[in-house]
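Data block below; observations after.
Quick note on labels: first sequence line is chain A, next is B, and so on, each numbered from 1.
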Protein chains: 2
Amino acid sequence: MDVSSAVEKFLKTIYNLELRHQKASGSNMASKLNISPAAITDMAIKLAGQGLINYQKHKSITLTPKGKKIALLASRKHRLWETFLHRTLNLNLDEIHVEAELIEGYTSEFLLGKIDEYLGFPEHDPHGDPIPDKKGVLPEEQAFFPISESSPGSYQIERLYFESDELNDFFTEYEFKVGDILELVLIFKMDNALLIKRNKVTMVISENIGSKILVSKLNE
Amino acid sequence: MDVSSAVEKFLKTIYNLELRHQKASGSNMASKLNISPAAITDMAIKLAGQGLINYQKHKSITLTPKGKKIALLASRKHRLWETFLHRTLNLNLDEIHVEAELIEGYTSEFLLGKIDEYLGFPEHDPHGDPIPDKKGVLPEEQAFFPISESSPGSYQIERLYFESDELNDFFTEYEFKVGDILELVLIFKMDNALLIKRNKVTMVISENIGSKILVSKLNE
DNA sequence: CATCCATTTTAAGTATCCTTAATTAGACTA
DNA sequence: TAGTCTAATTAAGGATACTTAAAATGGATG
Ligand SMILES: [Mn+2]
Ligand SMILES: [Mn+2]
Ligand SMILES: [Mn+2]
Ligand SMILES: [Mn+2]
């Protein structure tokens, strides 16, 4: 199945919303894709006709297996480009996303394979997001959890959700990276803010920010 | 001036035809771009209206200074991508062209700048074609000449015109590269075919192929 | 110089992806 | 349960980049 870059983006957006346990409603989709709600309805009807999504009027959209596969392959493109741009050109974690978004839809299977090979068939991109293989299969993964749901102790950053301009700026400014070690010192009762130590620097982050940082426990 | 990727391709095609001293006629353009002649007329009328080309009915198209600048910047994108794909991913000289063609139209100024910087601001791509700077200015160049118009002696390959599938296959199969040293041994009177020696291997190439290999003279 | 024919243009229409404005459906509230 | 309001849909249409088919042009040829 070969689809346009607009369709790839549409399906990828549903997939990303599903991952974050959010509904792929019209307004949600419209704001993610920066197009009008009417355009969402149009596209939904079209793609339902092609068996790529499940769609009923006034309900939110879900992916069919066929649609999900395309979404996974689109994510593969996105994440391989991100990884490639990061490693070769040293673009930072919010720059890679923007640039990958622009070119990913015009990448041939051949080129993607070369990029994959060059990178050594990575299983994760620089944000920690898993990279599906060329069949659209995700790598086996441990379950990571947000630092905001953890108790004091040592953790390693496994994934960073760069999902708004504010978060981009924050993670970029303070150079949060996958692999960083975090010491969770204490959790403020009043608002669940987190006191953390990283590279010998202590800072307080809100519960909300904490929920965008997935970690694994380090056993000392 | 910001134009679509279709317009960039259109202007770049005129530019490339002009370089090869060929007319940018409707049929010529149509075959290069693989679209119908009617689509050429449409686009020509539109772009003439924007002051990017000179166009009169039934005459061939030429670039205005404004159009030429866009064409040069499009060539810059193309050649920087080619160079980047060649150096990082080791794609060969005909692969880079195809892949660059697909993604070049969706590349941001920012990314292009990073690629340029990464490559060390190259002045030529792997085919030997000159890379305009970010203002659209071509580097100073010596005049190179086709080996087919040379007399016996030693030469260095400066540019290879990969302009048809046959030439792609030939140059790729025999691994012709910019920088290679060619010894022109003799020219056959009967058909101007060229007897050349390269890497200790002797071969005969037709005058036509010779005209696609630009060289400079080596003084021993 | 008249005719022929390839090239180009015109005319009409298609596909894709988008818009705005008006309408409707459905979920929540009083 | 009727009323309200938000979200979604319908309707109409626009931009871009194409297509095919028919008509026109103009340069080459006999
Ligand atoms: Mn991303
Ligand atoms: Mn990512
Ligand atoms: Mn090229
Ligand atoms: Mn080139």
Taking only Lys NZ, Arg NE, NH1 and NH2, and the carboxylate oxygens of Asp or Glu, determine whether B/R159 and B/E141 approach each other closer than 4.0 Å.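 Answer for the salt bridge query: yes.
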
Exercise for review: Could you tell me whether B/E104 and B/K12 have a side-chain N and a carboxylate O separated by less than 4.0 Å?
Suggested key: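 Looking at B/E104 and B/K12, the cut-off is met.
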
Classify [X] by what it touches in the nucleic acid, base, sugar-phosphate, or nothing, heavy-atom distance under 4.0 Å.
X	answer
A/T41	base
A/S36	base
B/Y55	sugar-phosphate
B/A6	sugar-phosphate

Mind calculating the distance between [atom1] ([X]) and [atom2] ([N]) to the nearest angstrom?
X	N	atom1	atom2	result
A/I35	C/dT19	CD1	P	6 Å
B/Q50	D/dT16	CD	P	8 Å
A/M43	C/dT16	CE	P	10 Å
B/M29	D/dC18	CE	P	11 Å
A/D2	C/dT16	CG	P	13 Å
A/I40	C/dT19	CD1	P	9 Å
B/L33	D/dT19	CG	P	10 Å
B/Q56	D/dG27	CD	C1'	17 Å

Which sits closer to the 5' end of DNA chain C, A/A38 or A/S5, going by the nucleotide each is nearest to?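 By nearest-heavy-atom nucleotide position, the 5'-most residue is A/S5.
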
- Message: Looking at D/dA7, I'd like to know if its phosphate oxygens (OP1 or OP2) sit under 4.0 Å from a side-chain N or O belonging to A/K57.
- Response: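 Answer no for this pair, as no side-chain N or O of A/K57 is under 4.0 Å from OP1 or OP2.
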
Identify which nucleotide among [options] has an atom closest to any side-chain atom of [X], counting heavy atoms from C-beta outward.
X	options	answer
B/H58	D/dC18, C/dA25, C/dT8	C/dT8
B/V7	D/dA8, D/dG26, D/dA17	D/dA17
B/S27	C/dT10, C/dT19, C/dT7	C/dT7
B/K46	D/dT9, D/dA17, C/dT9	D/dA17
A/A39	C/dT8, C/dA25, C/dT19	C/dT19

| query | Would you call the rings of B/Y106 and A/Y106 parallel, tilted or perpendicular if under 30° counts as parallel and over 60° as perpendicular? | reply |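 Geometry flag for A/Y106 against B/Y106: parallel rings.
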
**Q.** Check: A/Q142/A/S216 side-chain N/O donor and acceptor closer than 3.5 Å
**A.**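 A/Q142 vs A/S216: no donor-acceptor pair found between side chains.
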
Report task. Tell whether B/D42 reaches the base of D/dC18 with its side chain through a donor-acceptor pair below 3.5 angstrom. Result ->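 Side chain to base: pair present.
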
- Message: Less than 6.0 angstrom from the centroid, inside 45 degrees of the normal: does A/R79 satisfy that with respect to the ring of A/F84?
- Response: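 No - A/R79 does not lie over the ring of A/F84 by the 6.0 Å and 45° rule.
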
